[in-house]
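Attaching a single structure in structure tokens format; questions to follow.
Note that the structure is a prediction, hence the values are computed from the model and not measured. Counting starts at 1 for both ligands and their atoms, in listed order.
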Amino acid sequence: MTLFRWSICLLAILVYEVTCLKVQYEGDQVLKITPKTSNQAQYMKELTHEWLLDLWKPESSEGINPGREVHVRVPLSHVQLMKEKLQEQQIPFKIMINDVQKLISYATTKHLQRISLETYDYTIYHPMNEIYHWMEEINEKHSDLVTKRYLGHTYEHRPIYYFKVGWPSDKKKKVILMDCGFHAREWVSVAFCQWFVKEILATHKDDPVLTNVLKQVDLYIIPILNIDGYIYTWTKERLWRKNRAIYNETCTGVDLNRNFDAHWCTIGASRDCSSNTFCGSEPASEPETKAMVSLVEKIKSDILGYLTFHSYGQMILLPYGYTTTPSKDHDAMMEAASRAVSKMKEKHNNEYAVGSSCLVINYFDSGSSGDWATEIGIKYSYTFELRDNGTYGFQLPEEQIKPTCEETTTAVMTMFEYFNEKYLENSAVSVTSMKLNVLLSCILCMYYVLTH
Ligand code: 0X9
Ligand code: ZN
Ligand code: ZN
């Protein structure tokens, strides 16, 4: 009998754990607010601070400026009062998301215990155990081209892996580094890295550019860096952003994209550990950051490009985030990115903005991985903000995973094409030069016939 009671008790605790402890967003709204004057902007800053509101755009209240859109999640308890205050201050606003909870579906039905690579569904979001499993399968089934390597561990001691994708070579290879899942709630980023790996494996044989790239370049792909945070968004709090480092009894989490050694914590970052943009105790204080830094330090002179994937906003951001001064290779970077966005637009007619981070995203940041990559000498460094523009924000519906990943793949492939043209040896005669040759011989031939 006691055993029975104990089991009931345990079961109850379990049920409680998975249901009641989850943060609920019932009735929370996301408002799109556009302060017109500096007074109104100041008012907004104070309000977000005072009420500890979850800013979606910009990521920290410093970035709130007149004329710029602010996207902010307001808890049900404050919605009414917030709207009254905004009306009182004559600050224009719209309801962007009417009920945040309604957008959250912890898709459980579609998830099978055992998944095989053949049936892996790239158009849904996957919990971490499935992603770990997927990584193993990729490693096993594609061992000719792909190796899974250990990058380091998270704060909660989970292993972080990356894939090295490329053919063995006698010559020294260049590296293109890509990562996803810096910010926990940006699920579509994590979906993209998986999609992209799948895409490379499916197309590399038929795609001449990719074939050439994989001979001379190793792609280093980190499918998800902030694993602890990601798990937390599945189990406890869907809109968590940071890692899960415990700083004191009341404070958890460092913003990994403020933790790098690039004008660390000077602007657009906070020293307050309860802030969403907390920069940590020092540059690379976090194990996730350390893991990346130690890999990159070893190979940095070989790295040609660094691409990091976030959401949302639909833009490709170039360094820097802490100053409006363009970086050394700004023009070359712009060239590649402009080509990428125009190709991208052809895919699903979706517009992406391109330019210096702080100018395009409209707030400053410091300590980002994108800026750090530039400062250690990586020539091409891009921060992608994937879909959407705020309609669903971080809760991008699964129907949009496919188009998002397709257009982003197009953008990345276009950049690879650019790298291929500019930095790689091309032994095979290209199609255009072959056509030119044929044309030229025809002209010579005709000339010969006509003059003899
Ligand atoms: O604020 C960030 O960390 C990124 N935006 S997000 O909404 N995904 O959090 C943008 C960082 C871009 N900064 C630089 N490239 N400097
Ligand atoms: Zn699944
Ligand atoms: Zn992000």
Inset, instruction - Could you tell me whether Lys343 and Glu417 make a salt bridge, using a distance below 4.0 angstrom between a side-chain N and a carboxylate O? - result: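 Salt bridge between Lys343 and Glu417, a charged N being under 4.0 Å from a carboxylate O: no.
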Inset, instruction - Could you list the atoms of ligand 1 found under 4.0 angstrom from a heavy atom of Arg241? - result: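 Those of ligand 1 that fall under 4.0 Å from Arg241 are 1 (O), 2 (C), 3 (O), 6 (S), 9 (O).
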Inset, instruction - Determine, for Lys85 against Glu88, whether the closest basic-nitrogen to carboxylate-oxygen distance falls under 4.0 angstrom. - result: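 A salt bridge is absent here (no side-chain N lies under 4.0 Å from a carboxylate O).
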Inset, instruction - Below 4.0 angstrom from a heavy atom of Asp365, which ligand 1 atoms are there? Numbered from 1 as shown, please. - result: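 Close to Asp365: 11 (C), 12 (C), 13 (N), 14 (C), 16 (N).
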Legend entry - Tyr363 N/O under 3.5 Å from ligand 1 N/O: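 So ligand 1 has an N or O lying under 3.5 Å from an N or O of Tyr363.
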Legend entry - Identity of the nearest option to atom 12 (C) of ligand 1, non-hydrogen atoms only, from Ser189, Ser60, Ser357, Ala262: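 Closest candidate by heavy-atom distance is Ser357.
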Inset, instruction - Looking at His183, pick out the N, O or S atom nearest to the Zn ion (ligand 3) and give its name. - result: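 Relative to the Zn ion (ligand 3), the closest nitrogen, oxygen or sulfur of His183 carries the name ND1.
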Legend entry - Interfacing atoms of ligand 1 (cut-off 4.0 Å, heavy-atom, Asp371):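 Every atom of ligand 1 under 4.0 Å from some heavy atom of Asp371: 14 (C), 15 (N), 16 (N).
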Inset, instruction - Heavy-atom contacts with Asn257 under 4.0 Å: which atoms of ligand 1 show up? List them by number with element. - result: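 Every atom of ligand 1 under 4.0 Å from some heavy atom of Asn257: 2 (C), 3 (O), 4 (C), 11 (C).
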Legend entry - Carboxylate-amine/guanidinium proximity below 4.0 Å for Glu286 and Lys242: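 Judged by the 4.0 Å cut-off on N to carboxylate O distance, Glu286 and Lys242 do not form a salt bridge.
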Inset, instruction - Can you see which heavy atom on Trp264 is nearest to which on Gly280, and at what distance? - result: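 Between these two residues, the closest heavy atoms are CZ2-O, 3.2 Å.
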Inset, instruction - Step through it carefully: locate the ring centre of Tyr161, locate the ring centre of Phe163, and say whether they are under 6.0 Å apart. - result: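 Between Phe163 and Tyr161, which both carry aromatic rings, the centre distance is not below 6.0 Å.
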Legend entry - Atom indices of ligand 1 within 4.0 angstrom of Leu317 heavy atoms, with elements: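 Under 4.0 Å from Leu317, ligand 1 has these atoms: 12 (C).
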Legend entry - Heavy atom of Ser311, distance to ligand 1 below 4.0 Å: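 Ser311: in contact with ligand 1 (<4.0 Å).
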Inset, instruction - Could you name the option among His310, Met315, Arg258 that has the heavy atom nearest to atom 3 (O) of ligand 1? - result: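 Going through His310, Met315, Arg258 one by one, Arg258 has the nearest heavy atom to atom 3 (O) of ligand 1.
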Inset, instruction - Under 4.0 Å from a heavy atom of Glu59: give me the atoms of ligand 1 that qualify, with their elements. - result: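 So the atoms of ligand 1 that pass are 1 (O), 6 (S), 7 (O), 9 (O).
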Inset, instruction - Please state whether the separation between the Zn ion (ligand 3) and some N/O/S atom of Glu385 is under 2.8 Å? - result: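 It does not: Glu385 brings no N, O or S atom closer than 2.8 Å to the Zn ion (ligand 3).
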Legend entry - NZ/NE/NH1/NH2 to OD/OE distance under 4.0 Å, Glu59 and Arg185: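 Looking at Glu59 and Arg185, the cut-off is met.
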Legend entry - Ser368, any N or O under 3.5 Å of ligand 1 N or O: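 N/O-N/O distance under 3.5 Å: yes.
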Inset, instruction - Write the atom name of the N, O or S atom in His310 that is nearest the Zn ion (ligand 3). - result: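 Looking at His310, the N, O or S atom with the least distance to the Zn ion (ligand 3) is ND1.
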Legend entry - Presence of salt bridge, Lys173 and Asp302, under 4.0 angstrom: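 So Asp302 does not pair with Lys173 through a salt bridge.
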Legend entry - Atom indices of ligand 1 within 4.0 angstrom of Lys57 heavy atoms, with elements: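 Taking each heavy atom of Lys57 in turn, ligand 1 has 7 (O) under 4.0 Å.
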Legend entry - Under 4.0 Å to a heavy atom of Gly321 - the qualifying atoms of ligand 1, by number: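 Listed by number with element, the hits are 16 (N).
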